[in-house]
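Single-structure report; data block below.
Chain letters run A, B, ... following the sequence lines, proteins first and then strands; every chain starts at 1.
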Amino acid sequence: MSGDGPLAPSERVASVPESGIRKFFEVAAEMDDVVSLGVGEPDFATPYRAREAAIDSLQRGKTSYTANKGMAALRERIADHVTRYDLDYDPDAEVLVTAGASEAIDLAFRALVDPGDTVAIAQPSYVSYEPGVRFADGEPLPVPTCAEDEFALTREALEAAGASEADLLVYCYPNNPTGATMSEEALREVAAFCREHDIGVLADEIYAALTYEGEHTSIATLPGMRERTVVFNGFSKAYAMTGLRLGYALAPPAVVDSLNRVHQYTMLSAPTTAQHAAIEALDNCESDVAEMRTQYDRRRNFVLARLDEMGIDCFEATGAFYVFPESPWPDAGEFAEALLEAEQVAVVPGDAFGEGGEGHLRMSYASSMADLRTAMDRLERFLD
Amino acid sequence: MDERAELLDLLRENARYTTADLARMLGTDEAAVSEGIAALEAEGVVAGYRAVLDPAKLDPEPVQAHVECNVTLDRETSYDDIAERLAGFPEVESLRLMSGDYDFALEVEADSMGEVSRFVSEKVAPLPEITQTVTHYVMETYKRAGHRFEDGDGDDRLAYSP
């Protein structure tokens, strides 16, 4: 324990700072008429059929625990679903259903990281990786990526950061916050580096279905990578099911067993209602996913075009629902605060997502076209 | 979806998108969008543009009715002939030939129930081919032309989330 008192937080917890997003949230909460590009979740409702399946399961009283690893029917469908990415996993031994992909990633840190182990983190990254590593007593090692590489992870970036000494590498592609994706060719370089240095890979592929140009490639499909990779995915982003909290991990049996050992003593099993909704989502909601992807793609084109017209540099984000332009001011935090105060447009400074994000802004386009147009008009007015 | 289908999709969503915005969303240029719209109009695929009004917010609030009509045909008179006469009434907002229990479905709009009733009884029912009419008054409109009215809780997501 650190500090005074019997309930003082542990040093481990106290050492983790609050999220960089928090102070903005508090300012925005006091304001009216905020148009937010700061959200990290879909603006669509969960597909009707998935919602109906959730309601039906409640009405039938299907509210008991499920198997620790998740309902067998859901694991089978997940195993079938991921074959679209050429992933082949045994639903009984190699699939673990969790309370969101976030839980799955946390389980991996706790199950696979020993005190002092180094976990390389491709940055800018989802805000929970670094705290997750610290909560597991590991040592986070930032691996900054840069706009010149379109925020793809490269061998050079890994070598420059000293990642050859790492035990694990965690990344998210398509990426939150940049919208970057990884080509198969780029992934092969990363895979070769990990094999050479015997590094395990935690591949967060939660945005895989939101890939706009080309096909999503999973690193686990590359030679020699399946046995050293845990793949994470879930229903939050593609199926607009954030609040239902359902994700999954795919890994060889021994790894799933180790994740499940933590899971069974903490979460016990993922929410049952959400599992019923997820089965329906996989069975019957692919057209909803396709429609949402079409809408996101149009919005992406719109936002990229408007930024270009305003003279704001932004690489062509090809996945997830974020763009990551350069900040018009040298200090992106100051710019984000001033924009919020003056025009009530919420964006997130890139440094909230770690090294490599400095000087950039995360803008989510998971908002209606009307809101996006308003936000872009206000941004243009602010720049004038 | 090809570009023509995408353009149609967007026009159905909001016909007031500017050509600049349509070009941005489709990743093309304004000239191509203008050409695409002109072609759709010339071919009659896009037959017109109208604002979608919420009747509850109009003053006076118009009365709307759904009128079912049965007709009888003879050697000289076709459905098209009857439709031609019905479509000519300005009170008729839409007119469709239906399968099932009745032949024509009319959406009628007027300033009062009396006006609707007089229209049906004095103009529609007397037509020699009309054998029966059934009038249903609209009590509330929740959705019209794909647009939902008063549907909104708004965007209740947090302004910032990870």
Which one, [options], leads in non-hydrogen pairs under 4.5 Å with chain B?
options                                  : answer
Val35(A), Val347(A), Asp308(A)           : Val347(A)
Arg373(A), Arg300(A), Arg299(A)          : Arg373(A)
Val34(A), Val127(A), Val348(A), Asp43(A) : Asp43(A)

Can you say whether [X] sits under 4.5 Å from chain B via the side chain, the backbone, both, or neither, judging by heavy atoms?
X         : result
Leu372(A) : neither
Gln344(A) : neither
Arg362(A) : side chain
Ala290(A) : neither
Val39(A)  : both
Phe24(A)  : both

| said: Quick one, Glu41(A) with Leu158(B), criterion side chain to side chain contact (heavy atoms under 4.5 Å, CB included). Give me CA distance, side-chain angles, the key distance, then yes/no. | reply: CA-CA 9 Å; Glu41(A) 63 175 321; Leu158(B) 300 176; 5.6 Å; no
Provide the closest heavy-atom pair for [X] versus [Y] in the form atom of the first, atom of the second, distance.
X         : Y         : value
Arg24(B)  : Asn301(A) : O-CB, 2.9 Å
Ala346(A) : Ala159(B) : CB-O, 4.3 Å
Ile21(A)  : Tyr160(B) : CG2-CB, 3.2 Å
Arg157(B) : Ser367(A) : NH2-OG, 3.4 Å

Enclosure of [X] [atom1] (heavy-atom neighbours >12, cutoff 6.0 Å):
X         : atom1 : result
Met113(B) : CE    : no
Asp74(B)  : CG    : yes
Glu215(A) : CD    : no
Asp384(A) : CG    : yes
Glu43(B)  : CD    : yes
Tyr48(A)  : OH    : no
Arg22(A)  : CZ    : no

| Which is it for Asn14(B) and Met369(A) under the side chain to side chain contact (heavy atoms under 4.5 Å, CB included) test, yes or no, and what are the steps along the way? | CA-CA 10 Å; Asn14(B) 182 356; Met369(A) 268 306 300; over 6 Å; no
| query | When heavy-atom pairs shorter than 4.5 Å are enumerated against chain A, which of Asp21(B), Leu22(B), Leu26(B) gives the highest number? | reply |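 It is Asp21(B).
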| field | Segment of Glu13(B) engaging chain A (4.5 angstrom heavy-atom cut-off) | value | side chain
